[in-house]
*Asks:* 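Attaching a single structure in structure tokens format; questions to follow.
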Amino acid sequence: MMDITFSGGEIDGTISAPASKSCTHRAIILAALSRGKCVITNPLDSLDTRATADAMITMGASIDWADDRICIESKEIRAPNMIIDVLNSGTTMRLMTGIAALFDSETTIVGDDSVMKRPMEPLLNALKGCGVRCESNDGKAPIRIRGPVEGNRICIDGSTSSQFISSVLMMSPLVGRPMDIILEGDIVSQPYIDITTDMMERFGIYIIRTDSGFHVEPQSYVPCDYVVPSDFSSAAYPLVAGGLSGRASVKGLDMSDQQGDKKIVDILRMAGCSVDIDGDVITCTHNGRPKACDIDISNVPDLFPIVAVLLCTADGKSKLHGAPQLHFKESDRIESVSDMLNTLGADIRPTDDGCIIEGVEHLRGGWVDHRGDHRLMMAASIASLVSDGPISMKDDRCWDVSYPRFIEHMRSLGMRC
């Protein structure tokens with residue numbers, strides 16, 4: 001396998017934001033559960049979302065990808081007819097685990113080496129408390145699930161991942177009895193739970209919010225045609241590129257969307273970048289050396305790698321905090337981002353829930369290990385814009401899991417690759 005090298009460049013241009021990965025995952029599952037015909041327009045066609053589609057196909061759904069849409073039809077979802085391999089998609093693994101608990105036969109879920117290290121214990125414990133048989137490798141994949149769900153109450157710890165809560169929410173209308181979902185611990189990444197409940201409502205499910213969590217009556221999902229919104233998580237990379245070197249415009253973004261990662265606009269402004277919003281086009285322009293910031297990333301953990309890049313050359317000390325769940329992503333992102341940027345000449349100290357960054361004037365370039373983590377790889381490439389030398393890394397196309405056109409887009413904006 002060869003290396004890929006980035007050597008900065010003057011950023012200038014306009015691109016269209018890719019579709020939301022989070023919403024595409026959920027739309028595929030909800031459409032398949034609706035027992036009818038649905039058309040999902042503007043989906044993200046990536047390795048991760050294909051893994052979710054393949055999982056629903058094993059459960060009896062018919063799914064056809066065509067250009068900018070997915071046609072999904074199902075009559076009755078059943079237990080999978082084979083092992084579900086989620087590849088690198090932790091989202092697929094977690095959401096499928098809840099769906100698998102509906103069946104009275106065993107479902108086995110596996111994934112690649114990275115996914116097999118992702119914690120699943122809070123979700124498995126919650127399901128065990130409802131009578132579901134769960135077997136795992138010390139709380140990690142491979143996972144074996146056999147339902148059905150018993151009782152009318154499920155207690156779930158949301159301090160590690162909001163995906164655990166989304167998983168039981170999406171399952172709950174189909175259990176066959178009223179369900180109370182009791183949330184325990186400090187809930188992380190709340191906006192992703194809001195996305196789940198909003199999309200469930202679009203597919204016909206009425207959810208009652210309670211003081212302790214949610215109440216869901218027995219209901220059926222209703223077929224719905226759904227347009228996937230553009231993704232602020234991915235748009236953050238070209239926008240930060242413009243803020244560090246030149247100007248970048250990203251079109252197709254809706255600031256009224258529920259995505260928490262639209263906070264990137266506020267972060268860029270806090271860092272002193274010039275940000276203009278004109279309809280669905282957001283433009284970020286370089287405005288000198290970034291300013292140091294103190295940022296709570298508890299609800300936007302996916303922004304951590306690229307915001308660390310933005311602030312590693314800021315004037316002063318920055319602090320990113322509030323997201324201990326970063327230890328359990330595709331890599332331990334607190335450790336891996338800190339190691340990556342320190343290798344390039346930054347001054348970053350990892351903390352339990354983020355990092356402290358002493359800004360330097362320039363990075364020096366070098367070879368980095370992105371550990372197969374798509375967000376780490378993309379953040380490292382943007383770091384080349386503030387590096388005196390080129391940045392090289394393994395070319396394993398890990399960005400395909402969330403942003404398949406990343407290299408194409410960055411080249412079109414002027415990045416040398």
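All residue numbers refer to positions in the sequence shown, counting from 1. Values below: all heavy atoms of this structure, side chains included; hydrogens, waters and symmetry mates excluded.
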*Asks:* Tell me whether the count of non-hydrogen atoms from other residues, nucleotides or ligands lying under 6.0 Å of CG in D186 goes above 12.
*Replies:*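 No, because the 6.0 Å sphere around CG of D186 holds 12 heavy atoms or fewer from other groups.
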
*Asks:* Does the salt bridge (Lys or Arg N to Asp or Glu O under 4.0 Å) test come out yes or no for R375 and D302, once each step is laid out?
*Replies:* CA-CA 8 Å; R375 298 200 190 279; D302 284 346; 3.6 Å; yes

*Asks:* Just by distance, with hydrogens left out, do D112 and N88 show a side-chain donor and acceptor under 3.5 Å apart?
*Replies:*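 There is such a pair between these side chains.
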
*Asks:* Got more than 12 heavy atoms from elsewhere within 6.0 Å of CZ, R202?
*Replies:*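 Atom CZ in R202 is not packed in, count stays at 12 or less.
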
*Asks:* Output every pair passing ring-ring contact (aromatic ring centres under 6.0 Å, His included) with a member in residues 388-417, not counting sequence neighbours, ordered by first then second residue.
*Replies:* Y403-F406, Y403-H409

*Asks:* Consider only side-chain N and O atoms of T197 and R209, and report whether a donor and an acceptor are under 3.5 Å apart.
*Replies:*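 A pair is found: one side chain offers a donor N or O, the other an acceptor, under 3.5 Å apart.
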
*Asks:* Examine distances only and state if a side-chain atom of S172 and a backbone atom of L169 form a donor-acceptor pair shorter than 3.5 Å.
*Replies:* yes

*Asks:* Between side-chain atoms of residues 377-391 and protein atoms elsewhere (two or more places apart, or another chain), which donor-acceptor pairs fall under 3.5 Å?
*Replies:*
residue	atom	partner	partner atom	Å
S381	OG	M378	O	2.7
S384	OG	G8	N	3.3
S384	OG	S381	O	2.6
S387	OG	A383	O	2.8

*Asks:* Take D339 and R371, measure what salt bridge (Lys or Arg N to Asp or Glu O under 4.0 Å) needs, and give me the verdict at the end.
*Replies:* CA-CA 11 Å; D339 287 350; R371 311 186 191 193; 2.9 Å; yes

*Asks:* At what distance, to the nearest 0.5 angstrom, does OG of S159 lie from CZ of F164?
*Replies:*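 Interatomic distance, S159 OG to F164 CZ, rounded to 0.5 Å: 9.0 Å.
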
*Asks:* Between K263 and D266, does any side-chain N to carboxylate O distance fall below 4.0 Å?
*Replies:* no

*Asks:* At their closest point, which heavy atom of P301 faces which heavy atom of L326, and how far apart are they?
*Replies:* O-CD2, 3.3 Å

*Asks:* I need the single residue from L268, I267, T285, I264 that forms a side-chain contact (heavy atoms from CB on, under 4.5 Å) with V275. Which is it?
*Replies:*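 In the set L268, I267, T285, I264, the residue that makes a side-chain contact (heavy atoms from CB on, under 4.5 Å) with V275 is L268.
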
*Asks:* Filter on salt bridge (charged side-chain N to carboxylate O under 4.0 Å, His left out), then keep only pairs touching residues 10-26, sequence neighbours left out; what's left?
*Replies:*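 Only D12-R247, K21-D48 qualify under salt bridge (charged side-chain N to carboxylate O under 4.0 Å, His left out).
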
*Asks:* Is it the case that S161 and R94 place a side-chain donor and acceptor less than 3.5 Å from each other?
*Replies:* yes

*Asks:* Whether D3 and K394 form a salt bridge (side-chain N of Lys/Arg under 4.0 Å from carboxylate O of Asp/Glu) is what I want to check.
*Replies:* no

*Asks:* Nearest heavy-atom pair of V300 and G260: which atoms, and what distance?
*Replies:*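 Between these two residues, the closest heavy atoms are CG1-O, 3.1 Å.
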
*Asks:* Distance only, no hydrogens: is a donor on one side chain within 3.5 Å (strictly under) of an acceptor on the other, for S402 and H374?
*Replies:*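 Yes, a side-chain donor-acceptor pair sits under 3.5 Å.
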
*Asks:* Taking only Lys NZ, Arg NE, NH1 and NH2, and the carboxylate oxygens of Asp or Glu, determine whether D315 and K291 approach each other closer than 4.0 Å.
*Replies:* no

*Asks:* Using only heavy-atom distances, determine whether the side chains of D257 and Q259 contain a donor-acceptor pair under 3.5 Å.
*Replies:*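 Distance-only check passes for D257 and Q259.
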
*Asks:* Do the side chains of D45 and R50 get close enough for a salt bridge, i.e. N-O under 4.0 angstrom?
*Replies:*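 Salt bridge: yes.
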
*Asks:* So which atom in S166 and which in T196 form the shortest heavy-atom distance, rounded to 0.1 Å?
*Replies:* OG-OG1, 2.7 Å

*Asks:* Under 3.5 Å, side chain of R144 to main-chain N/O of T108, donor-acceptor pair present?
*Replies:*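 No, because the side chain of R144 does not come within donor-acceptor range (under 3.5 Å) of the backbone of T108.
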
*Asks:* Scan side-chain atoms only and decide if T91 and Q163 contain a donor-acceptor pair under the 3.5 Å cut-off.
*Replies:*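 Yes - a donor-acceptor pair under 3.5 Å links their side chains.
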
*Asks:* We want to know whether S233 and D261 form a side-chain donor-acceptor pair, criterion being a heavy-atom distance below 3.5 angstrom.
*Replies:* yes

*Asks:* Tell me yes or no: between the side chains of H215 and E217, is some donor less than 3.5 Å from an acceptor?
*Replies:*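 Distance-only check passes for H215 and E217.
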
*Asks:* Counting only heavy atoms not in K140 (residues, nucleotides, ligands), do more than 12 fall under 6.0 Å from its NZ?
*Replies:* yes

